[in-house]
Each structure stands twice: as C-alpha cells, then as structure tokens.
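One structure is given here, and the rest of the page talks about it.
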Protein chains: 2
Amino acid sequence: MDIRKVAAKARVSTATVSRTINRSDAVTPATAAKVWSAIRELNYHPNTHARTLSSGKSHILGLIISDITNPFFPDLVKAFESIAIERHYETIVTNTEYNPERMALCVHRLLDRRVDGIAIMTSEMEPGLVDEVQRAGVPIVTLDTGRPAKRFSNIKVDYSGGIRQAIQHLVGLHHDRLAFIRGPQRLKSAQVRYNAYARVAKENHLTTSGGLIADGEHSIEGGFTAMLNLLPQKPTAVLASNDLSAIGALQALHHKKLNVPGDISIVGFDDITFSRHTQPELTTVRIPRTEVARLAFEALMSTPASENGKEWNVSTELVIRMSTGQCPRTRS
Amino acid sequence: MDIRKVAAKARVSTATVSRTINRSDAVTPATAAKVWSAIRELNYHPNTHARTLSSGKSHILGLIISDITNPFFPDLVKAFESIAIERHYETIVTNTEYNPERMALCVHRLLDRRVDGIAIMTSEMEPGLVDEVQRAGVPIVTLDTGRPAKRFSNIKVDYSGGIRQAIQHLVGLHHDRLAFIRGPQRLKSAQVRYNAYARVAKENHLTTSGGLIADGEHSIEGGFTAMLNLLPQKPTAVLASNDLSAIGALQALHHKKLNVPGDISIVGFDDITFSRHTQPELTTVRIPRTEVARLAFEALMSTPASENGKEWNVSTELVIRMSTGQCPRTRS
DNA sequence: CTGTTAGCGCTTTCAG
DNA sequence: CTGAAAGCGCTAACAG
C-alpha cells in the first residue's frame, strides 16, 4: 500500500498524489477529489519515514524534562503534546533524571531521530549541548538558561516577581519574621528564587538572618526537615522555594500540632495540582505551565532555520488560598 | 554526513559499514575496527528514518495512557521508557484523555509512525482498534482487556486478590461495617474492584447494604462527596476503589473532625506516590506499576511477528500504613 | 496544472 | 567475508 497504488487508482502521477496530500494548491479541486477518494478507498496512510527521508522534516519534536514523576512536569508535558498534535507534530518526551550524562544521551537520541526542534524544560543545561544542537541545525528552546542566539530561544519565568508577590502579600498581613526554605542551589531557578527572597525581604526591612534560611531540597521530606529546623527561630511566615517543600513544611507543623495559618503562614511556589488539596489548601505562586508549553512550542515553530531565537517572558500569579493569614502577634 | 562518506573513509563498501553498525558477525574484527574508527572520526550518526524505511523496523514503541496528569501513570511511563531506552527503543507516549475518539487518533498516529509495538495501558479499549492494529501486523499489549490472540497480549492485574487482602486486613482489625467507594462503572478495572468487594464482603458475612456503597469517580472531589454520603450509615471502615478517592475521603473526615483511624479506617488502591504523604499516611493496595511496565515491554518484544500473545499476571500488595486501625467499637 | 525522474540514506539479496 | 546494486516510499526540481 504505497503512493503508487493510489496514483494508479486515481489515474494520476505519484507527484500529484504527493501534492494533494500535502495540500499544495497547485492541484485542481477535481483531481484532488479523485485522489482523496482513491486514498480513502485504499485506506492509504503515507509512510512518515519515507516522507522524512525525502523532505528532511520529521515533524517530530523532542521535549526534555527532568522527571515525569515530579508533579511540576505532567501539566507541562500534556499541554505541549496537545498543542503539538493539533499542529500535526509528534513529540518524544525524555527524562534526564537530573543527570547531565543522561541529558546528553537524551539530546543525542533526539538528534538521531532528526527531530525538528528540541524543548529543554529542565532549568539546567550544559552549554556544550546547546552548541551541538545548534550545529545540527535544529531549533532549541530552554527554560531560564542563557540568552537567545542562533536558533536558540529562551523562556524566562519572572521568579523574582513571584517572590515579590508572595512577600508583599505576607507583609500586608503584618508578618515580620519571614523564613525561606531554599531549593538546591545548583539549580539556577532555585538560586534566583532565593536571591529574590533576600533582596525583597531587605527592601521591606525584614530580618533575613541565617536562622531564617533552611534547605528543603525541593522535596516533601526536605521541606519537613527544613521546617523543623526553622521552628526555634519563631518565624511568623515561611516561604518555600517550591510546593513540594511547602507541603513538607505543612506536615511538620501538623506534626508539631501548630496551626496553619493560625500560628504560622506558609506560601509555596509552582502551584502543582496537589496544592489545592493540602490541609489547609496552599497559598502559592503559580507558574503558568500551560503557557510555558505554548511558548516553547511557538518558539520552536517560529525559528526559521537560520535565524536567531528570542526571549519569551512569562509572569507568575499569586494564588491565595488558606495557608496564609494575619500575623498572630499583630492580631487584636 | 552519510554512510557513503564512512565507507569511503574506511575504504570498504556501504554494505560493510551497514553490517558493522548492525553488529553482524559476518564482518572481520579487523574491518569492523576500521569502520568504527571512521565512524568516530566523522562523528557519524545513522539516519534512523532511512534505516526504518529500508528495514521495516522503526525501533519506536507506542505507549498509550489515559492522562499523564493522573498520578497513576507517571511511574508507569517512566519505567517503560527506561526499559525501552536500555534496549535501544524510542517511545512515543500519547494521552487519550479518557476519550474513545482520541484513543483512535492515538492508535492511528502510532500506526502511521510505523511503531514496532503498542502498549495500551488505559483499562478501556475498543475491540475494533485492536483488530486494526493486528491487521497492521503490529504487536499490542493491553491492561485488563480481552484474552490473548494473534500478536495480542494482555496484562492481568489481580484486583480481586488486592481487595481480598484489604478486606482481610480490616476484618482482622474487627471491622464489621465496611463501606466501599466505587470508581466509574464504565471502567472495567473499577467494576472488577467493586464486584470483588461485594463478593469478599459477603464471604466474610459483612453487610453490603446499598447505603454502604457510594460513587467516588476515582477523584479527590468525588471521594470527598462519597465519604460525606457514607457517614450517616456509620461505617467503621471504608475501602476506596483508588487512592485519589481515598484521599478525598480522608479530607472529608478531617473536615468533619473525625479521626482516622480512631473513628474510621480508610484503605485506598493503587499506591500512588502521594499516599505516603497524606495525613495520616494511607494504607493501600499497591499495583506494582514498574512491574506492569516491564511486562508490557516484554510482551511486545516477545511476540514474534505472527504468533499469539499471552496473558501476563501481576499481583497486588497490601501496604499497611497509618490510616487503618482497630474497629472503635471493639476496642477495650 | 500535471508528469518524469532523480534522489533522501540505509538495508539486503545476490554474487563472488 | 565483502561488494554491487536494487529497492524502501516519498518529495521536489524540472519540464511541458
């Protein structure tokens, strides 16, 4: 079942069949109709590999993430795939498992498959790999990594703005001892969040003594421990670098029979699905992942083979739920 | 950069290069060495599409799931991909979004990409589609759907056994009013769980009056509502068809200021990651998803082009955590 | 507007 | 054990 059979049945050349499949407008509606009906009758499906081979475009996109098991990613992946499907692209998703070697492997596999673009959503990236992709002539888009260059775009999330939204919310509730649970400082996105906390806290004349900073490793367990370490410093509110560690903090407080937000307020970052279901529901800074996915796709599509990419900005949104309230000391 | 350049550099024919790449043992170690070094020097990567076109094997597998956003799936997907990579297969993951039309679309897209096998892990399946895949000559494996047939394998999870484990655990704790939160009855896997509950409860001479059954839709919200509806019937323990609805039940009880397991015991099903982090930690029946992924891959690999598939069994495991305890009425 | 034809890069007989 | 050559199924000039 190949294009020749269709051509024969429709009594045209294979070129014409190819043209009508590709919706070239250089085909008379009449002949196109003949071809389509032949296609239907024979239940013909073009061979994508043959297509790729001769056209040079695979219509496959690569999406690299850290770990599909991390609740940050599923929404992103889902959104990216939906958009891709809509635009008739297939997507291959690969996990780096936070491992640089594995990241290199992912990139190479995608390059071998001759993908038409690679979206790297891991907030870490070896510059060497970007080069390689660029040399391969494949558009690439990353999350918070580097500046636009040849075929290279970047999506920039306004983490600082998000932290500022959170702190202002807390300050508005009269909190004055604001602790921070950091993420792994080797992650650029975690660094940025921490720096923003330090800066904005200072702007608001809040103490940021060492005791108010703890490391939460961006995990529930880490957040739990971090919160326990923070407790002796009597913070009135705690800002976590991501939702997972905020959830850990929530559990630690529950464990210590402290009330949230009665005794302490908690704010997360990311707005993973589960944040809506914690006890109490978590106030958090949302990263609009659907939007990120959309921009990533757009960036890949809009980067003509030889042009420079651009920088795409996305801003965060404070989602106020039940884990934040008036500072206990200032309540009537 | 193609196979010809390599052949030229190594001073052999393209056939020989092809053979050494494919590790045919019809190549002298000496010539193979020459070829490999040429490959390395030129940094040659075979074009997978050309390969697929002429060999007929794409080395791509399709993995169809309902929704990557459902916490049941990420582990499964991750495990499947790791195994696939290890064995040098690429995998394309697609979401049906619980929609039959979309499922058909997924299957067709995969067939168009000439995948070497399709794993459908959705616990729902149109028989028509299976036929189509079979006719296309592509091995297929499903989860709890139908009996083995030509190139068609099935993985059978022992849901009944799981329900039995849960009920026996509860009976051992002297519970006698055991409620059940059902899943959507159009899902075969949910039906099986419900039927098993009814049967095993009866075997143990427990009441299963209508009031002890509620619909939880396999979601947190659904579980919440279901639990509220169950409360007037004063169950001493509740078994949920999946963890999400068990988590909803937990929240409902918390909301009503009831203690788990002091007042009521709760058991979930699946053992999603988050079950370890609920308050209290959820006792649940684990479906070993890594094992399921492994078997699915194995099933696809071990189905020679024209042979019948087989049935692969996987059993569940009761994970006892903190949400179950002695029946309150029978405590000293 | 349609047909002819030369590849795309690799695998695979078939000879030798 | 190695090479020559015929495709795999499609696209893209180039003619007409």
OP1 or OP2 of D:dT11 less than 4.0 angstrom from a side-chain nitrogen or oxygen of A:Ser18, does that happen here? yes
Look at the side chain of B:Ala15 and decide which nucleotide, out of D:dA4, D:dA13, C:dG9, has an atom nearest to it. D:dA4
To the nearest angstrom, how far is A:Asp2 atom CG from D:dG7 atom P? 13 Å
Given side chains that start at C-beta, do those of A:His59 and A:Thr48 come closer than 4.5 Å, heavy atoms only? no
Rounding to an integer number of Å, can you tell me how far A:Met1 CE sits from D:dG9 C1'? 11 Å
Proximal nucleotide (of D:dA12, D:dT2, D:dC10) relative to the B:Arg19 side chain: D:dT2
D:dG9, D:dT11, D:dC8: which one has an atom nearest the side-chain heavy atoms of A:Asn22? D:dT11
Round to the nearest Å and state the distance from A:His49 atom NE2 to D:dC8 atom P. 16 Å
Rounded to whole Å, the CG-P distance (A:Leu53 to C:dT11) equals 12 Å
Taking the nucleotide of DNA chain C with the closest heavy atom to each, which residue, A:Thr28 or A:Thr14, is nearer the 5' end? A:Thr28
Within this structure, what is the CD1-to-P distance between B:Ile3 and C:dG9, rounded to whole angstrom? 11 Å
Separation of atom CD1 in A:Ile21 from atom P in D:dC10, rounded to whole Å: 7 Å
Starting at atom NZ of B:Lys57, determine the distance to atom P of D:dG9, rounded to an integer number of angstrom. 15 Å
Nearest-nucleotide 5' precedence on DNA chain D, B:Val27 against B:Ser54: B:Val27
Check whether any side-chain heavy atom of B:Ile92 lies under 4.5 Å from a side-chain heavy atom of B:Leu61, and answer yes or no. no
Side chain of A:Arg4: nearest nucleotide among D:dC8, C:dG3, C:dG9? D:dC8
Between P on D:dC1 and CZ on B:Arg11, what's the gap in Å once rounded to a whole number? 23 Å
Flag for B:Ser189-B:Asp144: side-chain donor and acceptor within less than 3.5 Å: no
Side-chain H-bond candidate by donor/acceptor type, B:Asn308 with B:Arg147, under 3.5 Å: no
Under 4.0 Å, counting only non-hydrogen atoms across every strand here, what does A:Val17 touch: a base, just sugar-phosphate, or nothing? nothing
Closer than 4.0 Å, any side-chain N/O of A:Thr16 to the OP1 or OP2 of C:dT2? no
If you look at every strand shown and take non-hydrogen atoms under 4.0 Å, does B:Thr31 touch a base, only sugar-phosphate, or nothing? sugar-phosphate
Within this structure, what is the CG-OG1 distance for the pair B:Leu105 and B:Thr96, rounded to the nearest 0.5 Å? 11.0 Å
